[in-house]
A.B. asks: 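Below is the structure I would like to discuss, written out as structure tokens.
In what follows, every heavy atom counts, from backbone to side chain, and hydrogens, waters and symmetry copies are set aside. Counting convention: from 1, in listed order, for ligands and their atoms alike.
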Amino acid sequence: MKVVHVAVGVILRKQQVFITLRDASLHQGGKWEFPGGKVEAGETVTQALIRELQEEVDIQVSTSQPFMLVEHDYGDKQVKLDIHLVMDFIGEPHGREGQQGRWVALQSLPDYGFPEANKAIVDKLLCEPRFSL
Ligand SMILES: Nc1nc2c([nH]c(=O)n2[C@@H]2O[C@H](COP(=O)(O)OP(=O)(O)OP(=O)(O)O)[C@@H](O)[C@H]2O)c(=O)[nH]1
Ligand SMILES: [Mg+2]
């Protein structure tokens with residue numbers, strides 16, 4: 001099966017992360033996610049990240065840094081999530097495509113229902129010393 005390469009942004013500000021709710025009609029629908037989407041042909045991951053965050057949550061990413069790579073097989077779909085931290089951006093994120101979005105405390109991420117592949121991301125965010133006060 002073809003692996004889908006996905007650029008994912010963990011948007012951070014003052015110990016909070018901006019997450020959005022995936023539409024019920026989508027793969028892994030009804031779950032919370034970090035905004036992002038497929039890297040298109042001819043695009044770098046950074047270009048895809050900038051484009052997706054503009055399209056989905058209406059922010060302009062100024063700088064981002066690679067955080068981790070997660071490969072996961074959902075059975076019906078195989079994904080490679082290229083996760084980047086976004087701490088420097090212009091604009092106020094909101095669900096531009098009508099999806100719910102909210103700022104949540106880093107510590108409360110485990111209370112939200114994320115796709116299975118995201119468990120590793122949440123775990124790593126929670127054990128990063130630089131994000132704990
Ligand atoms: N954006 C995003 N996708 C995730 C996360 N976790 C995760 O397993 N995925 C999976 O990554 C895949 C691609 O993401 P996507 O559906 O956002 O892609 P996209 O924005 O290009 O959507 P499109 O297909 O409507 O053009 C989906 O199968 C989704 O289930 C996450 O935290 N954020
Ligand atoms: Mg998307």
A.B. asks: Would you say the rings of His27 and Tyr74 are close, in the sense that their centroids are separated by under 6.0 Å?
C.D. replies: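 Yes, they do, as the ring centres are separated by less than 6.0 Å.
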
A.B. asks: With a 4.5 Å limit on heavy-atom distance, are the side chains of Glu92 and Arg13 in contact?
C.D. replies: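 In contact.
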
A.B. asks: May I have the angle between Gly36 O and Glu56 OE2 with its vertex at the Mg ion (ligand 2), rounded to 10°?
C.D. replies: 80°

A.B. asks: Could you name the option among Glu97, Gln78, Lys38 that has the heavy atom nearest to atom 22 (O) of ligand 1?
C.D. replies: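 The residue whose heavy atom sits nearest atom 22 (O) of ligand 1 is Lys38.
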
A.B. asks: Evaluate the criterion salt bridge (charged side-chain N to carboxylate O under 4.0 Å, His left out) for residue pair Arg96 and Glu55; output intermediate values, then yes/no.
C.D. replies: CA-CA 7 Å; Arg96 191 183 188 175; Glu55 290 173 1; over 6 Å; no

A.B. asks: Can you pull out the closest protein heavy atom to atom 1 (N) of ligand 1? Residue, atom name and distance to 0.1 Å, please.
C.D. replies: Glu33 OE1, 3.1 Å

A.B. asks: Look up atom CG in Leu12 and atom CE in Met87, then write down how far apart they are to the nearest 0.5 Å.
C.D. replies: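 Atom-to-atom, Leu12:CG and Met87:CE are 5.0 Å apart.
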
A.B. asks: Would you check if Val45 and His5 make a side-chain contact, meaning some heavy-atom pair closer than 4.5 Å?
C.D. replies: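 Sidechains of His5 and Val45: in contact.
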
A.B. asks: For ligand 1 and Gln28, I'd like to know whether there is a polar contact (N/O to N/O, distance under 3.5 Å).
C.D. replies: no

A.B. asks: Can you find an N/O atom of Leu81 closer than 3.5 Å to an N/O atom of ligand 1?
C.D. replies: no

A.B. asks: Any heavy atom of Tyr74 sitting closer than 4.0 Å to ligand 1?
C.D. replies: yes

A.B. asks: Quick one: does ligand 1 sit under 4.0 Å from the side chain of Arg22, the backbone, both or neither, non-hydrogen atoms only?
C.D. replies: side chain

A.B. asks: I need the nearest protein heavy-atom contact for atom 33 (N) of ligand 1: residue, atom name and distance, please.
C.D. replies: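 Answer for atom 33 (N) of ligand 1: Phe34 O, 2.6 Å.
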
A.B. asks: Do Leu26 and Gln28 make a side-chain contact, defined as non-hydrogen atoms from C-beta onward lying under 4.5 Å apart?
C.D. replies: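 No, side chains not in contact.
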
A.B. asks: Look at atom NZ of Lys119 and say whether more than 12 heavy atoms of other residues, nucleotides or ligands are closer to it than 6.0 Å.
C.D. replies: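 Counting other residues, nucleotides and ligands, NZ of Lys119 stays at 12 neighbours or fewer.
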
A.B. asks: For atom 25 (O) of ligand 1, is the nearest protein heavy atom under 4.0 Å away?
C.D. replies: no

A.B. asks: Are any of the heavy atoms in Glu56 under 4.0 Å away from ligand 1?
C.D. replies: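 Yes, Glu56 has a heavy atom closer than 4.0 Å to ligand 1.
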
A.B. asks: I'd like to know if the Mg ion (ligand 2) has an N/O/S atom from Glu33 within less than 2.8 Å of it, counting both backbone and side-chain atoms.
C.D. replies: no

A.B. asks: Atom 14 (O) of ligand 1: which protein heavy atom is closest, and how many Å away?
C.D. replies: Val6 CG1, 3.9 Å

A.B. asks: Side chains of residues 107-116: which donor-acceptor pairs under 3.5 Å do they make with residues two or more places apart or in other chains?
C.D. replies:
{"from": "Ser108", "atom 1": "OG", "to": "Ala105", "atom 2": "O", "distance (Å)": "2.9"}
{"from": "Tyr112", "atom 1": "OH", "to": "Arg102", "atom 2": "NH1", "distance (Å)": "3.4"}

A.B. asks: May I ask you to identify the nearest protein heavy atom to atom 19 (P) of ligand 1, giving residue, atom name and distance to one decimal place in Å?
C.D. replies: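 Here the nearest protein heavy atom works out to Gly37 CA, 3.6 Å.
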
A.B. asks: Are the side chains of Leu85 and Arg130 in contact, using a 4.5 Å heavy-atom criterion?
C.D. replies: yes

A.B. asks: Below a 4.0 angstrom heavy-atom separation, can you tell me which part of Asn118, side chain or backbone, both or neither, approaches ligand 1?
C.D. replies: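 For Asn118, the contact with ligand 1 is made by the side chain alone.
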
A.B. asks: Numbering the atoms of ligand 1 from 1, which are under 4.0 Å from a heavy atom of Lys77?
C.D. replies: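 Those of ligand 1 that fall under 4.0 Å from Lys77 are 27 (C), 28 (O).
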
A.B. asks: Using the rule side-chain contact (heavy atoms from CB on, under 4.5 Å), only one of Pro93, Ser62, Pro35, Ser64 pairs with Val86; which is it?
C.D. replies: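 Of the listed residues Pro93, Ser62, Pro35, Ser64, the side-chain contact (heavy atoms from CB on, under 4.5 Å) partner of Val86 is Ser64.
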
A.B. asks: At a 4.0 Å threshold, what atoms of ligand 1 neighbour a non-hydrogen atom of His27?
C.D. replies: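 Counting from 1, the qualifying ligand atoms are 27 (C), 28 (O), 29 (C), 30 (O).
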
A.B. asks: What do we get for Glu52 next to ligand 1 when only non-hydrogen atoms under 4.0 Å count, side chain, backbone, both or neither?
C.D. replies: side chain

A.B. asks: Find out whether Ile11 and Val17 are in side-chain contact, i.e. whether some heavy atom of one side chain is under 4.5 Å from a heavy atom of the other.
C.D. replies: no

A.B. asks: N/O to N/O below 3.5 Å, does that happen between Gly36 and ligand 1?
C.D. replies: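 Such a contact does occur with ligand 1.
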
